[in-house]
Asker: 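Here it is, the structure in full.
Quick note: numbers below take in every heavy atom, side chains included, and nothing from hydrogens, waters or symmetry partners.
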Amino acid sequence: MTSRLGPPWLFVLPGLIVYAAIVLYPSISGIVYAFTDWSGLGDWSFVGLKNFDTLFHDEQALGALKNTLLLTIAIVVVQNGIGLALALGVHSRIKSRIVLRAVFFAPVVVSPVMVAFLWKYVYNPAPDAGLNGLLGAVGLDSLRQDWLGNPSLALWSVAAMVVWQCAGYSMVIFLAGLEGVPADLHEAATIDGAGRFSRFRYVTWPLLAPATTINLMLSTIGGLKLFDQIFAATNGGPGYATETLSTVLYKQAFVFGRFGYSTAVALVLALFVAAVSLVQIRYLRAREDQT
């Protein structure tokens, strides 16, 4: 038996070594550095839980946590709502459904940084540019805003940007779920007198439970660790209005040289994402088992 298991492990061993060197070692080192005062260069010393104490008493970090949660909730709700609506629309028998699927999915394949720069133009504060110009053209001058410069609007403007890019991804997953719903169930429900909404509520929606689980998990994790679009569009501003835990740990490491503190932030973020994901997956799996 040993001789049978030997060759496969030998084939896997080079990949395991590379994985350990690139992923496991940096991850374990990061956990260790979270308890040090390392500046990124030179020597370091253990400081115990000082970094974590600083984190949980740092108003900027706590504000970033609040922004992260608000942004995640907005993205999860709106992105999946729009994704489901788009999936139901392109799942119908309209002739242009193939083209519409490609159009709605197209933003997903665009780089997040490119999306951020595109939307920076859309959110241009000039009265005759981007979204403001469009509002002025239709007579809604009073709705013109400095979308990324207003602290009360900037976070939601970023959320809209992310939803625009990722709603097509949710659409594809929901669409795959819709393709798996047996047509005879809808026919039987129609014969029993069920209307369109009733068929969706009692037939389609329960059978979309696996697709819903996947979408909610992916959008939640993506929202909690969102970085690219925020960094490119606002860099956490104005002030700290769009600061998230991801931007905080980046700035603490590469702007202020507090690598020990930044790894503590990263560790808390990783544990928080893991905890939310575990709770979410248990609830959603239980919902799937009930359907």
Asker: Val23: what forms a side-chain contact (heavy atoms from CB on, under 4.5 Å) with it, not counting sequence neighbours?
Answerer: Tyr19, Ser27
Asker: Taking all non-hydrogen atoms of both residues, which atom of Pro238 and which atom of Ala154 are closest, and how far apart?
Answerer: CD-CB, 3.7 Å
Asker: To the nearest 0.5 Å, what is the distance between OG (Ser29) and CH2 (Trp38)?
Answerer: 8.5 Å
Asker: Donor-acceptor pair, Ser277 side chain versus Val273 backbone, under 3.5 Å?
Answerer: yes
Asker: Any sub-3.5 Å donor-acceptor pair from Asn235's side-chain atoms to Gly237's backbone N or O?
Answerer: no
Asker: One pair to check against side-chain contact (heavy atoms from CB on, under 4.5 Å): Leu218 and Tyr169. What are the steps and the verdict?
Answerer: CA-CA 10 Å; Leu218 291 177; Tyr169 194 82; 3.6 Å; yes
Asker: Under 4.5 Å between side-chain heavy atoms, hopping through other hydrophobics if needed: is there a path connecting Val163 to Val172?
Answerer: yes
Asker: For residues Trp164 and Leu118, determine if any side-chain heavy atom of one lies less than 4.5 Å from a side-chain heavy atom of the other.
Answerer: yes
Asker: Within a radius of less than 6.0 Å around CZ of Arg97, do more than 12 heavy atoms belonging to other residues, nucleotides or ligands occur?
Answerer: yes
Asker: How many angstroms lie between CG in Leu55 and CG in Leu62, if you round to the nearest 0.5 Å?
Answerer: 7.0 Å
Asker: Would Ile214 end up clustered with Phe105 when hydrophobic side chains under 4.5 Å apart are linked, directly or stepwise?
Answerer: yes
Asker: Check the angle between the aromatic planes of Trp44 and Tyr33 and answer parallel, tilted or perpendicular using the 30° and 60° thresholds.
Answerer: perpendicular
Asker: Measure the spacing between OG1 of Thr242 and CG of Leu155 and express it to the nearest 0.5 Å.
Answerer: 7.0 Å
Asker: Test Leu208 against Leu178 for side-chain contact (heavy atoms from CB on, under 4.5 Å), laying out the working first.
Answerer: CA-CA 7 Å; Leu208 283 179; Leu178 290 171; 4.0 Å; yes
Asker: Is it true that Val162 and Ile73 fall in one hydrophobic cluster, defined by side-chain heavy atoms closer than 4.5 Å?
Answerer: no
Asker: With rounding to the nearest 0.5 angstrom, report the CG to CH2 distance, Leu148 to Trp119.
Answerer: 10.0 Å
Asker: Pair up each side-chain donor or acceptor in residues 81-89 with any protein partner under 3.5 Å, not counting sequence neighbours, and list the distances.
Answerer:
none

Asker: With side chains defined as the heavy atoms from C-beta onward, is the minimum distance between Val90 and Ile98 less than 4.5 Å?
Answerer: no
Asker: If you measure from NE2 on His91 to CZ on Arg101, what distance do you get to the nearest 0.5 Å?
Answerer: 8.0 Å
Asker: Assess Arg258 against Tyr261: is NZ or CZ under 6.0 Å from the centre of the six-membered ring, and within 45 degrees of the ring's axis?
Answerer: yes
Asker: Heavy-atom distance under 4.5 Å between the side chains of Thr263 and Val32, does that happen here?
Answerer: no
Asker: Can you name the closest pair of heavy atoms from Ser246 and Leu269 and give their distance?
Answerer: OG-CD2, 3.8 Å
Asker: For the CG atom of Leu267 and the CZ atom of Phe272, what is their distance to the nearest 0.5 Å?
Answerer: 14.0 Å
Asker: Does Leu71 reach the side chain of Ile230, with side-chain heavy atoms less than 4.5 Å apart?
Answerer: yes
Asker: Is it the case that more than 12 heavy atoms not belonging to Asp43 sit under 6.0 Å from its CG atom?
Answerer: no
Asker: So, Thr68 and Thr244: side-chain donor and acceptor under 3.5 Å apart, yes or no?
Answerer: no
Asker: So which atom in Ala233 and which in Met161 form the shortest heavy-atom distance, rounded to 0.1 Å?
Answerer: CB-CE, 3.8 Å
Asker: Is Lys50 salt-bridged to Asp53, going by a charged N under 4.0 Å from an acidic O?
Answerer: no
Asker: Do you know the tightest heavy-atom contact between Leu216 and Asn80?
Answerer: CD2-ND2, 3.7 Å
Asker: For the pair Asp37 (side chain) and Ser45 (backbone), establish whether a donor and an acceptor sit closer than 3.5 Å, ignoring hydrogens and angles.
Answerer: yes
Asker: Quick check: Trp147 with Trp156 (ring centres under 6.0 Å apart)?
Answerer: no
Asker: Do Leu153 and Val122 sit in one hydrophobic cluster, given that two such residues count as connected whenever their side-chain heavy atoms are within less than 4.5 Å of each other, even indirectly?
Answerer: yes
Asker: Can you name the nearest heavy-atom pair linking Val113 to Ala232, along with the distance?
Answerer: CG1-CB, 4.2 Å
Asker: Do Ser170 and Gln79 have a side chain donor and acceptor closer than 3.5 Å?
Answerer: yes
Asker: Would you say the rings of Phe52 and Phe35 are close, in the sense that their centroids are separated by under 6.0 Å?
Answerer: yes
Asker: Please check if atom CD in Glu59 has more than 12 non-hydrogen atoms from other residues, nucleotides or ligands closer than 6.0 Å.
Answerer: no
Asker: Working note: Leu143 + Asn132, criterion side-chain contact (heavy atoms from CB on, under 4.5 Å); need CA distance, chi angles, decisive distance, verdict.
Answerer: CA-CA 8 Å; Leu143 297 181; Asn132 285 338; over 6 Å; no
Asker: Which heavy atom in Leu245 sits nearest to a heavy atom in Val265, and how many Å separate them?
Answerer: O-CG1, 3.9 Å
Asker: Without swapping roles, check the side chain of Asn67 against the backbone of Ala241 for a donor-acceptor pair under 3.5 Å.
Answerer: yes
Asker: With a 6.0 Å cut-off on the ring centroids, do Tyr250 and Phe227 count as close?
Answerer: yes
Asker: Taking Phe256 as the starting point, is it possible to reach Tyr240 by hopping between hydrophobic residues whose side chains are less than 4.5 Å apart?
Answerer: no
Asker: When you look at Leu226 and Ile75, which way does the side-chain contact (heavy atoms from CB on, under 4.5 Å) test go after all the steps?
Answerer: CA-CA 10 Å; Leu226 187 66; Ile75 290 173; 4.2 Å; yes
